[in-house]
Number of protein chains: 2
Amino acid sequence: MATTYAIGKLAKLTDTKVPTIRYYEQVGLLPAPERNAGNQRRYREVHLQKLRFIRHSRQLGFGLEEIASLLALQESQADSGEVQRIARNHLDEVRDKVARLNKLEQALSQLVSCCGSGQPHDCQILSVLADHNLCQHEHEGR
Amino acid sequence: MATTYAIGKLAKLTDTKVPTIRYYEQVGLLPAPERNAGNQRRYREVHLQKLRFIRHSRQLGFGLEEIASLLALQESQADSGEVQRIARNHLDEVRDKVARLNKLEQALSQLVSCCGSGQPHDCQILSVLADHNLCQHEHEGR
DNA sequence: CTTGAAGCTCTAGCGACTAGAGCTTTTACA
DNA sequence: TGTAAAAGCTCTAGTCGCTAGAGCTTCAAG
Ligand SMILES: [Zn+2]
Ligand SMILES: [Zn+2]
Ligand SMILES: [Zn+2]
Ligand SMILES: [Zn+2]
């Protein structure tokens, strides 16, 4: 018969925590595997493949809903247009986030710049936090 | 007597949603104001100042716990060493996040690069998602 | 005095897990 | 074969920083 994996084995093979795997099943991302006589999950090759896909997509920052869509598209052999749309959209979001974080980094750098010399000084950090007018930066938004 | 603000007024003055203000009170970040005869919150100048501080700090990405510490330090007139430590630590975290997101952006750019020409093609996105070995990037971590 | 806006409390939900309690099953070894 | 540790199970609750909604009371303007 075909090889099966206990949940702990699958966890090690994919560098995933055991509860996380159960969580993916719970939210419908990973299909529920068969159970053995003692009610324990027994995974097959297909689960391993899917879980690898999920984890790699997560590492690339895709959300679980996006991943669910990608898995469905993989299954359906549909045209790649929708796959591209999802990936590009995610890339756009990441670029937005980078832009916002860069602004933040600028603002924070300036915030702590008054403590640069290591000398005792009249530290402005609390004043700037209290009043954005003392802050040269824009840094709005999420 | 001194001016007081209803919660909605405070919300407008600080560009904060009303439930958010109540939430800050609930978690002990903003001190509970006095109530009028009808049990409604009546805020004073000090609350306005603190809430502005909180909101600006949030815009700069500080967490609520960090903000609580900063507020306490502001109160206590303590030396600025701890303030600096918190701010620098936060800046370090932001820089880490930027670095990680930049790697992500690289990886994602490459991921979608196969669809660059607009022409129909053998799209590799799903294959790469299925196998990090097809992926030239490191992009581990959060 | 009426009416609508604004306020109140309490509960639940978001995303993506993570941790723990309290149990059962499997596995390894003597 | 006995036993004990390791691994599995389910269920609940917590993380962070809000946000939304139900169902009520109070306030402010006309
Ligand atoms: Zn300083
Ligand atoms: Zn600012
Ligand atoms: Zn492509
Ligand atoms: Zn990869």
Side-chain angles (χ1 to χ4, degrees), chain A residues 4-30 32-43 47 50-51 53-71 90 93-94 97 100 104 140-142, chain B residues 4-30 32-43 47 50-51 53-71 90 93-94 97 100 104 140-142:
Chain A
T4 64
Y5 310 97
I7 196 167
K9 190 73 206 283
L10 198 68
K12 259 171 207 146
L13 288 173
T14 58
D15 197 26
T16 307
K17 290 183 183 166
V18 166
T20 302
I21 298 178
R22 290 196 277 246
Y23 170 75
Y24 289 157
E25 178 182 327
Q26 194 190 309
V27 299
L29 199 54
L30 192 63
E34 288 173 20
R35 304 289 184 112
N36 72 355
N39 197 37
Q40 301 194 348
R41 292 168 177 84
R42 291 297 174 252
Y43 293 95
H47 299 103
K50 280 200 194 234
L51 186 50
F53 186 102
I54 293 168
R55 295 303 283 175
H56 192 212
S57 302
R58 284 296 293 132
Q59 280 176 19
L60 288 164
F62 289 91
L64 297 196
E65 285 223 10
E66 288 171 321
I67 297 174
S69 303
L70 291 168
L71 278 170
H90 179 53
E93 286 170 7
V94 169
K97 213 175 277 184
R100 274 184 278 110
L104 213 56
E140 350 91 47
R142 285 271 86 197
Chain B
T4 64
Y5 310 98
I7 196 168
K9 190 71 207 280
L10 199 69
K12 261 170 206 145
L13 288 173
T14 58
D15 197 25
T16 308
K17 288 182 183 169
V18 166
T20 302
I21 298 177
R22 289 196 277 246
Y23 171 75
Y24 289 156
E25 178 182 328
Q26 193 190 309
V27 299
L29 198 55
L30 191 63
E34 289 174 18
R35 303 291 183 112
N36 72 355
N39 197 37
Q40 300 194 347
R41 291 168 179 82
R42 291 296 174 256
Y43 293 96
H47 298 103
K50 281 201 193 230
L51 186 50
F53 186 102
I54 293 167
R55 295 303 283 175
H56 193 210
S57 302
R58 284 297 293 133
Q59 280 175 19
L60 288 164
F62 289 92
L64 297 193
E65 285 224 8
E66 288 171 322
I67 298 174
S69 303
L70 291 168
L71 279 169
H90 178 54
E93 287 171 6
V94 169
K97 212 175 279 184
R100 275 185 277 108
L104 213 55
E140 349 90 49
R142 288 271 86 195

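Because the structure is a prediction, the values reported are computed rather than measured. Every chain is numbered from 1 and lettered A, B, ... according to where its sequence line falls, protein lines coming before strand lines.
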Within a strict 4.5 Å, meaning less than it, do heavy atoms of the B:Arg22 and B:Val18 side chains meet? yes
Can you build the contact string for nucleotides 2-14 of chain C? Use B for base contact, S for sugar-phosphate-only contact, and - for no protein heavy atom under 4.0 Å. -----SSB-----
Evaluate the side-chain proximity of B:Arg58 to B:Leu64: yes if any heavy-atom separation is below 4.5 Å, no if none is. yes
From CZ of A:Phe62 across to P of C:dC17 the rounded distance in Å is 15 Å
Would you please confirm or rule out a distance under 4.0 Å between OP1 or OP2 of C:dA16 and any side-chain N or O of A:Tyr24? no
Side-chain contact test, heavy atoms from C-beta onward, threshold under 4.5 Å: evaluate it for A:Arg41 versus A:His47 and give yes or no. no
Taking only side-chain N and O atoms of A:Asn36, does any of them lie within less than 4.0 angstrom of OP1 or OP2 on C:dT26? yes
Would you mind reading off the distance between A:Arg58 atom CZ and C:dT18 atom C1', rounded to a whole angstrom? 14 Å
Rounded distance in Å - OH (A:Tyr23) to P (D:dA13): 17 Å
Whichever of A:Ala37 and A:Thr20 has the more 5' nearest nucleotide on DNA chain C, that residue is A:Thr20
To the nearest Å, give me how far apart CD1 (B:Ile67) and P (D:dC18) are. 8 Å
Is any side-chain heavy atom of B:Arg55 less than 4.5 Å from a side-chain heavy atom of B:Tyr24? yes
Can you name the residues that form a side chain to side chain contact (heavy atoms under 4.5 Å, CB included) with B:Glu66, not counting sequence neighbours? B:Phe62, B:Ile86, B:Asn89, B:His90, B:Glu93
Rounded to the nearest angstrom, tell me the gap between atom CG in A:Asp15 and atom P in C:dC17. 13 Å
Below 4.5 Å, heavy atoms only, C-beta onward: do A:Tyr43 and A:Leu51 meet side chain to side chain? no
Taken to the nearest whole Å, CD/A:Glu34 to C1'/D:dG8 is 18 Å
